[in-house]
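Before any comments, here is the structure.
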2 protein chains.
Amino acid sequence: MASSGPPTVETIAQRAGVSIASVSRVMNGHGARPDTVRRVERAAAELGYVPNAVARSLKGGRTRQITFAMQDIGNPAYVSMFREIQAVTRPLGYRLLLHSTDADAAAELGVVRSLADRTSDGLILCPIRVTDEHLTAMREAVRPIVVIGSLPEGATVDSVRADSVSGAALALRHLLESGRRRIAFINGPADTVPGRNRLLGYEKALRDAGVTPERGLTETTEFGIEAGAAAAHRLLDADPAIDSVFCANDQLALGAAHAAQDRGLDIPGDLAVIGMDDSELARASRPLLSSVDLGSAERGRIAARMLVARLEESPPPPGSPVRCETVAPRLVVRGSSSPLGVGSGIPA
Amino acid sequence: MASSGPPTVETIAQRAGVSIASVSRVMNGHGARPDTVRRVERAAAELGYVPNAVARSLKGGRTRQITFAMQDIGNPAYVSMFREIQAVTRPLGYRLLLHSTDADAAAELGVVRSLADRTSDGLILCPIRVTDEHLTAMREAVRPIVVIGSLPEGATVDSVRADSVSGAALALRHLLESGRRRIAFINGPADTVPGRNRLLGYEKALRDAGVTPERGLTETTEFGIEAGAAAAHRLLDADPAIDSVFCANDQLALGAAHAAQDRGLDIPGDLAVIGMDDSELARASRPLLSSVDLGSAERGRIAARMLVARLEESPPPPGSPVRCETVAPRLVVRGSSSPLGVGSGIPA
DNA sequence: CTGAAAGCGCTAACAC
DNA sequence: GTGTTAGCGCTTTCAG
């Protein structure tokens with residue numbers, strides 16, 4: 001008696017002496033006579049029966065899988081998002097497919113298009129760039145998509161965005177209020193949506209304070225500790241009067257802090273440093289880094305909830321309105337931008 | 001004409017005026033007359049046909065999905081593994097399911113058991129603890145599993161392990177050779193396999209050097225920067241003569257370095273610090289942290305290759321031997337453990 | 001409450 | 001080469 005392969009509804013049905021329909025009903029908790037339930041459950045337990053999820057998906061048209069795609073899972077901001085997404089979706093029985101696209105725009109488009117193969121029920125996407133091709137692909141997607149990031153007006157996709165303009169403003173205002181005047185900016189790749197927005201925020205906040213942004217005070221580079229250090233050196237070489245530097249993420253800020261310290265500068269005495277994302281790295285430096293929390297965790301949570309909501313609303317109402325939420329930034333002030341002498345974390 | 005739902009083989013077949021079998025053949029590149037190929041491809045393109053992966057899986061018995069499960073995707077060591085696993089499997093057409101179990105042993109067991117639902121073709125698992133229950137579950141699993149971590153002798157599961165004993169020895173020898181004598185150890189949770197091994201390695205290396213390990217020189221704590229700092233303070237409070245501290249990961253080491261600096265100690269002059277994993281955090285401190293690279297990336301790569309190999313060998317040869325590889329550790333010496341005055345990164 | 005049967009979309013024999 | 005047909009394992013009418 002070759003029990004060829006794992007047990008199926010049929011195996012169980014035979015053993016329990018009922019029909020496969022009854023097995024299915026019992027497995028799904030759809031009413032059945034107590035006796036039937038008992039026999040099926042016993043047979044299932046004895047044989048270690050587990051329903052085949054693929055067959056279920058084929059029948060039901062839903063896989064209970066969600067895809068989360070972003071540039072780089074090494075980035076703490078995305079880790080926070082992943083955690084929250086998992087926290088929302090797993091209890092609901094969803095599995096999570098992760099795609100770290102390595103900032104490859106083609107790969108990103110591929111992810112959107114791959115929704116068509118019905119492998120996952122929905123997609124949470126953090127795009128680096130949003131081209132018309134992206135928008136078209138998203139509009140035509142067979143499954144709901146939630147974008148974490150900014151979309152052009154009129155886009156017909158749900159999204160949750162950070163407010164990096166306000167975030168930058170928060171940091172700049174803080175620096176200006178504590179008396180800094182020559183505030184440099186180290187940005188990440190500028191040809192991305194967040195990159196553009198952070199630059200906008202930086203310049204706007206300066207203008208609002210009556211200061212004209214100078215080109216020489218902005219550096220653009222890849223994300224990374226070393227890149228941040230190099231950028232800071234360039235900035236300080238060109239203009240030793242710089243008294244503070246705002247960075248587009250914590251890696252850059254940490255690098256900048258190192259560079260400054262290697263030049264013998266005191267932080268925050270000679271140079272204030274502020275990062276973005278408020279990741280673990282902000283607590284990995286001395287002095288501790290001030291940082292603007294753009295709410296990665298919260299954005300992840302909201303995106304997950306939005307997507308799940310779409311998935312539950314059985315027949316997607318054709319004209320149902322596009323949803324868009326914005327998460328407010330939060331400035332966390334630590335030693336790296338304190339007024340001189342306070343909490344610098346470095347013994348004088 | 002309600003084109004109810006996305007196109008299927010049938011839709012394409014009708015439009016192309018061929019049978020569904022021909023559509024399937026063309027889609028899978030199985031020979032067909034050039035004319036047939038053209039017509040099918042045209043129809044498919046016009047309708048934006050994408051084969052339903054779920055139906056394929058049901059037929060083929062394979063989902064082309066792999067699950068990777070570990071404690072915490074926030075840990076840089078696991079990020080490296082994930083990257084390498086993805087690099088190996090994606091080009092082969094596999095999707096990656098990620099499970100961050102949060103060190104919940106029950107969740108971990110659940111992952112192993114969930115293989116039974118045929119959702120993924122195989123599992124790469126980094127267990128925290130390996131109980132008999134785990135071993136049984138793994139032995140009975142319907143799908144191949146590769147464990148990244150140490151398994152008890154006689155386990156019938158493929159695995160790739162780090163050599164944390166040698167890794168610890170590497171660090172200790174280096175410290176001893178550079179003249180350190182009172183070497184403390186800050187360990188992570190000791191009731192885990194890696195925790196136990198690292199302690200073993202620490203004690204063995206000391207004994208090999210003719211030093212008797214003292215209980216008071218070892219601290220056990222959770223992983224985390226703050227936890228590392230607290231442990232270092234306890235250690236130094238109890239024994240100010242400690243001249244070096246070896247830590248079970250970079251977070252702990254970073255915390256320990258901060259604690260020492262906050263006490264006014266010079267690193268490496270007064271205290272040498274060595275971490276483990278050689279993660280980005282090692283480059284996030286001043287001085288740069290020495291660290292023992294346990295080969296996370298390589299372990300990930302090897303595990304992925306092992307699993308893929310199992311998946312390709314069509315009928316799993318019943319008696320095929322269990323595979324087990326061990327990755328050699330590598331000590332990366334940086335400023336935090338240099339001989340005094342060399343490369344400390346802090347201006348004297 | 002239960003069983004028989006249809007069918008989700010696809011691939012792979014098997015005949016022609 | 002190509003079409004016909006039989007399932008993969010499950011859920012869900014539809015009768016009884």
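Here is how names work: the chains are called A, B, and so on, in the same order as the sequence lines, proteins then strands, and each is numbered from 1.
- Checked by atom type, the side-chain pair B/Ser80/B/Ser296 shows no donor-acceptor distance below 3.5 Å.
- Within the 4.0 angstrom heavy-atom criterion, no nucleotide atom of any strand lies near A/Val23.
- As rounded to whole Å, 14 Å separates atom P of C/dG7 from atom CD1 of B/Ile20.
- Shown for residues 43-58 of chain B: residues whose heavy atoms fall under 4.0 angstrom of DNA chain C, namely B/Tyr49, B/Pro51, B/Asn52, B/Ala55, B/Arg56.
- If you walk DNA chain D from 5' to 3' and mark each nucleotide with an atom closer than 4.0 Å to a heavy atom of chain A, the marks span D/dG9 to D/dT13.
- You'll find the side chain of B/Val193 stays beyond 4.5 Å of the side chain of B/Pro127, heavy atoms only.
- Per the geometry, CD belonging to A/Gln14 stands 12 Å off P belonging to C/dA4, to the nearest Å.
- Rounded to whole angstrom, the span from the CG atom of A/Asp117 across to the C1' atom of C/dG9 amounts to 13 Å.
- Checking C/dA6, C/dG3, C/dG9 against every side-chain atom of B/Val9, the shortest atom distance belongs to C/dG9.
- Counting non-hydrogen atoms under 4.0 angstrom, A/Ala21 reaches a base of the nucleic acid.
- Side-chain atoms of B/Asp158 come within 3.5 Å of backbone N or O of B/Arg323 as a donor-acceptor pair.
- More than 12 heavy atoms of other shown residues, nucleotides or ligands fall within 6.0 angstrom of atom CG in B/Asp191.
- Taking the nucleotide of DNA chain C with the nearest heavy atom to each of B/Arg25 and A/Arg33, the more 5' of the two is matched to A/Arg33.
- Atom CZ of B/Arg64 is separated from atom C1' of C/dC10 by 16 Å (rounded to the nearest Å).
- In this structure, A/His30 places its NE2 atom 13 Å from P of C/dC1, rounding to the nearest Å.
- Closest approach of A/Leu135 and A/Pro152 over heavy atoms only: CD1-CG, 3.6 Å.
- Panel note: side chain A/Glu298, backbone A/Val327; no donor-acceptor pair is recorded below 3.5 Å.
- A distance of 5.5 Å separates CG in A/Leu109 from OG1 in A/Thr131, rounded to the nearest 0.5 Å.
- Considering all non-hydrogen atoms of both residues, B/Glu312 and B/Arg62 come closest at OE1-NH1, 4.4 Å.
- Note on B/Thr8: every side-chain N or O is 4.0 Å or more away from OP1 and OP2 of C/dG9.
- B/Arg62 has its CZ atom 11 Å from the P atom of C/dA12, to the nearest Å.
- Within the nucleic acid shown, A/Arg118 has no heavy atom closer than 4.0 Å to any nucleic acid atom.
- The residue B/Ser24 sits close to a base: some heavy atom pair falls under 4.0 Å.
- Checked by atom type and distance alone, the side chain of A/Gln65 pairs as donor or acceptor with a backbone atom of A/Thr119 at under 3.5 Å.
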